[in-house]
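Below is one structure, written out as structure tokens; comments come after it.
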Amino acid sequence: MKVDLYEKIWMWLAAGMIAAFLGAITFAAGSQAIRPPSHLETIDPATVYDAPGFSAPGLVEEPDGRLVVSVVAEMFLFDPDEIRVPARRPITVRITATDVIHGFDVVGTNANAMVVPGYVTEFTLSFEPGEYLIACHEYCGLLHHDMQGVLIAEEETS
Ligand code: CUA
């Protein structure tokens with residue numbers, strides 16, 4: 001059987017691409033493992049509600065004026081499932097999960113994060129006034145589609 005030169009080139013090119021892709025996955029799995037895209041802060045998923053900052057999830061104004069919303073994600077809800085924040089102010093959202101991987105997507109905004117048990121996901125964002133659906137976008141079980149909340153960004157009156 002005669003293999004054409006171009007055929008050979010394409011075969012090796014295709015094999016090389018597969019090797020490169022598998023290598024990238026192996027490298028990412030080995031060096032990064034699975035963790036949230038934000039930063040490395042660990043938390044015991046079994047005792048989330050005893051952890052400082054998560055014992056009473058919701059909006060808190062820190063002594064330095066920072067607005068911090070802590071959220072717990074678990075099958076199949078967000079606690080709290082209604083978050084009210086002042087509009088156009090930096091809001092730091094801190095989320096963790098008690099059971100499996102969930103997602104935290106504030107639909108129509110740039111808030112979109114993975115929530116991994118054992119880790120705290122954090123991001124800071126400000127929201128235009130409005131009411132936004134919060135959706136879990138990582139399949140987490142039978143009622144995944146029911147896992148939702150609402151974020152309401154309100155104009156400050158004063
Ligand atoms: Cu939680 Cu899907």
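Just so you know, ligand 1 is whichever comes first in the structure, and atom 1 is the first atom listed for that ligand. Being a predicted model, the structure only gives us computed values, none of them experimental. This chain uses plain numbering: 1 for the first residue, then up along the sequence.
With hydrogens and angles disregarded, no donor-acceptor distance shorter than 3.5 Å links the side chain of His144 to the backbone of Phe76. Remark: side-chain polar atoms of Thr121 are paired, donor with acceptor, to backbone N or O of Met114 under 3.5 angstrom.
Of all protein atoms, those of element N, O or S that lie under 2.8 Å from atom 2 (Cu) of ligand 1 number 4.
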Residues 4-27, side-chain donor-acceptor partners within the protein, below 3.5 Å, at least two apart:
residue : atom : partner : partner atom : Å
Asp4    : OD2  : Tyr6    : N            : 3.0
Thr26   : OG1  : Leu22   : O            : 2.7

Pairs under 3.5 angstrom only: tabulate donor-acceptor contacts from the side chains of residues 49-65 to other protein residues two or more places apart or in another chain.
residue : atom : partner : partner atom : Å
Tyr49   : OH   : Glu74   : OE2          : 3.1
Tyr49   : OH   : Asp79   : OD2          : 2.8
Asp64   : OD1  : Arg66   : N            : 3.1

Run the side-chain donor-acceptor check on residues 82-90: report pairs under 3.5 Å with partners two or more places apart or on a different chain.
residue : atom : partner : partner atom : Å
Glu82   : OE2  : Arg84   : NE           : 2.9
Glu82   : OE2  : Arg84   : NH2          : 3.3
Arg84   : NH1  : Glu154  : OE2          : 2.5
Arg88   : NE   : Glu128  : OE1          : 3.3
Arg88   : NH1  : Glu155  : OE1          : 3.2
Arg89   : NH1  : Glu156  : OE2          : 3.2

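Below 30°, between 30° and 60°, or above 60°: for Phe78 and Phe104 the angle between ring planes is above 60°, a perpendicular geometry.
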